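Here the structure is a predicted model, which means the values were calculated and not measured.
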There are 2 protein chains.
Amino acid sequence: MEYSDKQLQIMEAAEFLFAENGFHGTSVRDIADKANINLAMVSYYFGSKEKLLEAIFSYRGESIKLKLESILQQQGMSSLEKVYLLVDHYIDKIMNRQHFHRILAREQVLNNSGPITDLILDMKRRNLEIISRLIHEGQEKGEFRKGIDIPMMMSVMVGTASNLITSKQYYKVLSNLEALPEEQFQQYIRDTLSKHLKFLFKTILTHEV
Amino acid sequence: MEYSDKQLQIMEAAEFLFAENGFHGTSVRDIADKANINLAMVSYYFGSKEKLLEAIFSYRGESIKLKLESILQQQGMSSLEKVYLLVDHYIDKIMNRQHFHRILAREQVLNNSGPITDLILDMKRRNLEIISRLIHEGQEKGEFRKGIDIPMMMSVMVGTASNLITSKQYYKVLSNLEALPEEQFQQYIRDTLSKHLKFLFKTILTHEV
DNA sequence: TTAATTCAAACAAACGTTTAATTAAATTTT
DNA sequence: AAAATTTAATTAAACGTTTGTTTGAATTAA
């Protein structure tokens, strides 16, 4: 699906507001104001507020697969190094798309069924498939141990990263980092998270339980 | 703060609906229907829908501290064993209060300020303080290594558990556990999560990075 | 008889969406 | 190349609902 500049302008405004105040906490009028467009344009372009959210999901969900595939096909690299690449790629993605990941974090908590739930499941399925292939490659090479609960491993990665980023305002206070400028704080989170996740994954993948 | 039976009845209905459909996705009329009370009683007892949510937060937030304290004071137990107790206690709490933890997971993503944000920060601060004391005890006894990032450790625990529980419908599908009855699935999550978190914490606390 | 509870009804405000008129852009015809 | 026509984009206003909250009378409990 292709989107015009005007549509992207609306989607970005909506993404910001949904992340900040939630879907139901954001009115179409809020979006129109933020995007500097007329109220009616949301319905005109997307049909409804709900479908606007779906558009955001499908737009942000698209660009995932490619980069992961390319990581998998790297030559002359151990499976663990590839896992490290994957971790950094995931952190990059979530850090660069913090608005969207706030929305995602909120939406996946809801017990709904519908297009959004399906899109989330698709995203998770795609991610799981890629990671599974990587883990199995490592197992066949004897690098990783057998009997790894891969969905659980994903929960550790996604959950830890998500928790840290979506509630970083709390992390900032609790770690006494309030003096740190926002940019440095972001870099700090990025580095600390990367280091910890790599350490955890190395342990999960190579040590026996 | 003490609550009457009628108030608790309203709070429980609201908790369920907020967890299922979100705060803004739930109307006062929905709550009144679910709790079998008149619409006006919400305002009568709590003042407003917002204050009802605050009441739920302060009510659920209260009962945390006591049990943790008692774990800390256990005699003849290694610090690692206490950490294990803490993990199981946390899993118990989150499993038994899934509705509330769904609300919590959603609310802490929002960038608001206000009473709820303050309550969440208080909860996190209390938890962090208890865990800090436990970790420091272990460090002084030489059981744990130095330089542990405790807020990060909490993010691993809270994030992983929260991710698993709030999005367990996805985990169920992705792990091919759809045939499992709900009760057994809950038990499976409980056990798997416990095992993994204990393993991770042992590694974080005793191994060098 | 006083106070606390419950109720149906009503309130204004905010909501998502639609309408019909207007302007801008693109396309076709002269 | 200009004019005419068609299509697309934009607008202010209005639509009917739903929202959270309040009211004032009726009922129950103290």
Would you classify B/Ser4 as touching base, sugar-phosphate or nothing, given that sugar-phosphate means primed atoms plus P, OP1 and OP2, and contacts are heavy atoms under 4.0 Å?
nothing

ask   = If you draw the axis of the six-membered ring of A/Phe16, does the NZ or CZ of A/Lys34 fall within 45° of it and under 6.0 Å from the ring centre?
value = yes

Taken to the nearest whole Å, CG/A/Leu53 to C1'/C/dG16 is 15 Å

From CG of A/Asp5 across to P of C/dA25 the rounded distance in Å is 15 Å

Numerically ordered, the residues 34-50 of chain B set in heavy-atom contact under 4.0 Å with DNA chain C is B/Asn38, B/Ala40, B/Met41, B/Tyr44, B/Tyr45

B/Leu17 atom CG is separated from D/dT19 atom P, nearest whole Å, by 12 Å

Residue pair B/Lys6/A/Phe23 against DNA chain C: nearer the 5' end by closest nucleotide is B/Lys6

In whole angstroms, the gap separating P of C/dT6 from CG of B/Asp33 amounts to 16 Å

- Task: With A/Lys172 as the cation and A/Phe185 as the aromatic partner, state whether NZ or CZ is under 6.0 Å from the six-membered ring centre and within 45° of the axis.
- Result: yes

Here the distance between atom P of D/dT21 and atom CD1 of B/Ile10, to the nearest Å, is 13 Å

Atom CZ of A/Arg29 and atom C1' of C/dT18 are separated, to the nearest Å, by 12 Å

Original post:
Are any non-hydrogen side-chain atoms of A/Met154 and B/Leu174 less than 4.5 angstrom apart?
Top reply: no

**Message:** Do A/Lys51 and A/Phe46 form a cation-pi contact, if we require the NZ or CZ to be under 6.0 Å from the six-membered ring centre and within 45 degrees of the ring's axis?
**Reply:** no

In whole angstroms, the gap separating P of C/dG16 from CD of A/Glu54 amounts to 15 Å

Note: A/Val109 and B/Ala105 closest approach over all heavy atoms is CG2-CB, 4.3 Å

From CD of B/Gln9 across to C1' of C/dT5 the rounded distance in Å is 13 Å

Check: Does any non-hydrogen side-chain atom of A/Met153 lie less than 4.5 Å from one of B/His196?
Finding: no

